[in-house]
Peer 1: 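Please read through the structure below; I'll follow up with questions.
Proteins get letters first, then strands, A, B, ... in listed order; numbering begins at 1 in each.
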Number of protein chains: 2
Amino acid sequence: MDVKWLTKDELAAWVRLVAVVELLPGVLDSQLRRDSSLTSFEYYVLAMLSEAPSRTLRMTALAAQTNATLPRLSHVVQRLEDRGLVERASCPEDRRATNAQLTAEGWQKVREAAPGHVATVREHIIDALTPEQITQLTAITDAILQRLDPSETMTAMYRRHDEPGGA
Amino acid sequence: MDVKWLTKDELAAWVRLVAVVELLPGVLDSQLRRDSSLTSFEYYVLAMLSEAPSRTLRMTALAAQTNATLPRLSHVVQRLEDRGLVERASCPEDRRATNAQLTAEGWQKVREAAPGHVATVREHIIDALTPEQITQLTAITDAILQRLDPSETMTAMYRRHDEPGGA
DNA sequence: TACGATTACTTGTAGTGACAACTAAATGAG
DNA sequence: CTCATTTAGTTGTCACTACAAGTAATCGTA
């Protein structure tokens, strides 16, 4: 087979990265679920909408910005619509497309949820790192993402992002 | 509320990290599922057992090494047992405890799955980074893990790990 | 030595995501 | 124009995970 196994250093990085990938979602989810009755994916959907012009985005664009497949997004938006946080309407210019728009209630929900979420992110990630490590992490994840999603059908949103819920 | 929002640099790192956390499991899972009919979590369970003395580990220890909760592990081991890859036996020294042991078939399965998995890890992660970045990533994830799992009930296994399936 | 607390797990159930199949609208080639 | 193809999204089913509750053995302590 002629396999290039991982070196000791590579393995050390890999084992830790796997642990982060495994543990991080749970930490984010439990805070948001407890304080705002949202999963972190639901939060990101609302957050992306909150930043968009007219707080409206086509499903495909929303899927790209949240790193999700369309079926997954469709189900989640369905549930958010049932809860009155989002509304869907057929797009006039292209009637295949659907626009998802944040409702007033949804906007309120993001605004309430954002501070606690950002605090959690700070506490568990950002404040654990030096400014230099933040820069390094950006370069590292950037390099990885080019391999994970070369087409960049997802992860198309690496500019903009201010506020609120931008994190 | 007085929230410390993320700076531009912090946000850049965070957005990319979230994307990695969201995309990586899918990439690993689809390769393993396609080539070996295993989820990546199932693979790690088998891999940890394959490295243990007598290819046997107590459920609690196995849960720690795979960053899983006990209920989750219990269900997964149940399924692996149904497929003949693992066997469970009550521990003689402490009859509350259960030992999970890799069967011959399970051992064979890991050995077959390991090369393809390691190749995927190399291709998508390791080979995307410079040796220096590997070192940086180790330090960064190490710092994060101290915040994500301070008690280290999970992630208790940061030594050893050689081969095969160690990655 | 008895009984409350803790530890080690298992089980049941409810909610989410993945995958495949489906519908409908817009292109595009002849 | 017309029909095949692509694009955009939805829906259904199944598998997996989380959470809560339950069981059983061990520890601690009085």
Peer 1: With a cut-off of 3.5 Å and sequence neighbours excluded, list every side-chain donor-acceptor pair involving residues 81-89 of chain A.
Peer 2:
from, atom 1, to, atom 2, distance (Å)
A:Glu81, OE1, A:Arg88, NE, 3.0
A:Glu81, OE1, A:Arg88, NH2, 3.2
A:Glu81, OE2, A:Arg88, N, 3.1
A:Arg83, NH2, A:Ser37, O, 2.7

Peer 1: Could you check which residues of residues 93-103 of chain A get a heavy atom under 4.0 Å from DNA chain C? Sort them by number, please.
Peer 2: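 Going residue by residue through residues 93-103 of chain A, the ones with a heavy atom under 4.0 Å of DNA chain C turn out to be A:Asp94, A:Arg95, A:Arg96.
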Peer 1: Separation of B:Gln78 atom CD from C:dT13 atom P, in whole Å?
Peer 2: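 Interatomic distance, CD of B:Gln78 to P of C:dT13: 16 Å.
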Peer 1: List the residues meeting side chain to side chain donor-acceptor pair (under 3.5 Å) with A:Thr56, not counting sequence neighbours, and say none if there are none.
Peer 2: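 By the side chain to side chain donor-acceptor pair (under 3.5 Å) rule, A:Thr56 matches A:Gln101.
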Peer 1: Tell me the interatomic distance from A:Arg58, atom CZ, to D:dT10, atom P, rounded to whole angstroms.
Peer 2: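 A:Arg58 atom CZ is separated from D:dT10 atom P by 12 Å.
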Peer 1: Which whole-number value in Å describes the distance from A:Arg88 CZ to D:dA8 P?
Peer 2: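 These atoms are roughly 17 Å apart.
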Peer 1: Tell me, please, which residues at least two apart from B:Ala12 pass side-chain contact (heavy atoms from CB on, under 4.5 Å).
Peer 2: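 Per chain and number, B:Ala12 pairs via side-chain contact (heavy atoms from CB on, under 4.5 Å) with A:Thr138, B:Arg16.
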Peer 1: For the pair made of CG in A:Leu80 and P in C:dG17, what is the distance, rounded to whole Å?
Peer 2: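 That distance rounds to 10 Å.
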Peer 1: Excluding sequence neighbours, so at least two apart, what forms side-chain contact (heavy atoms from CB on, under 4.5 Å) with B:Arg58?
Peer 2: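 Only B:Cys91, B:Asp94, B:Ala97, B:Asn99 meet the side-chain contact (heavy atoms from CB on, under 4.5 Å) criterion with B:Arg58.
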Peer 1: For residues 121-136 of chain A, which residue pairs pass the salt bridge (charged side-chain N to carboxylate O under 4.0 Å, His left out) check, not counting sequence neighbours?
Peer 2: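 The answer is A:Arg122-A:Asp127, A:Arg122-B:Glu10.
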Peer 1: Restricting to nitrogen or oxygen on both sides, can you table the protein-nucleotides 14-22 of chain D pairs closer than 3.5 Å?
Peer 2:
from, atom 1, to, atom 2, distance (Å)
D:dT17, OP1, B:Arg72, NE, 3.4
D:dT17, OP1, B:Arg72, NH2, 2.9

Peer 1: Can you name the residues that form a side-chain contact (heavy atoms from CB on, under 4.5 Å) with B:Val21, not counting sequence neighbours?
Peer 2: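 B:Val21 satisfies side-chain contact (heavy atoms from CB on, under 4.5 Å) with A:Val21, A:Leu24, A:Pro25, B:Leu17 only.
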Peer 1: Nearest 0.5 Å, please: how far is CG in A:Leu23 from CG in B:Leu148?
Peer 2: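 The CG atom of A:Leu23 is 6.0 Å from CG of B:Leu148, to the nearest 0.5 Å.
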Peer 1: Taking salt bridge (charged side-chain N to carboxylate O under 4.0 Å, His left out) as the cut-off, I'd like each qualifying pair that reaches into residues 20-33 of chain B, sequence neighbours left out, listed once.
Peer 2: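 Pairs touching residues 20-33 of chain B that pass the test: A:Arg72-B:Glu22.
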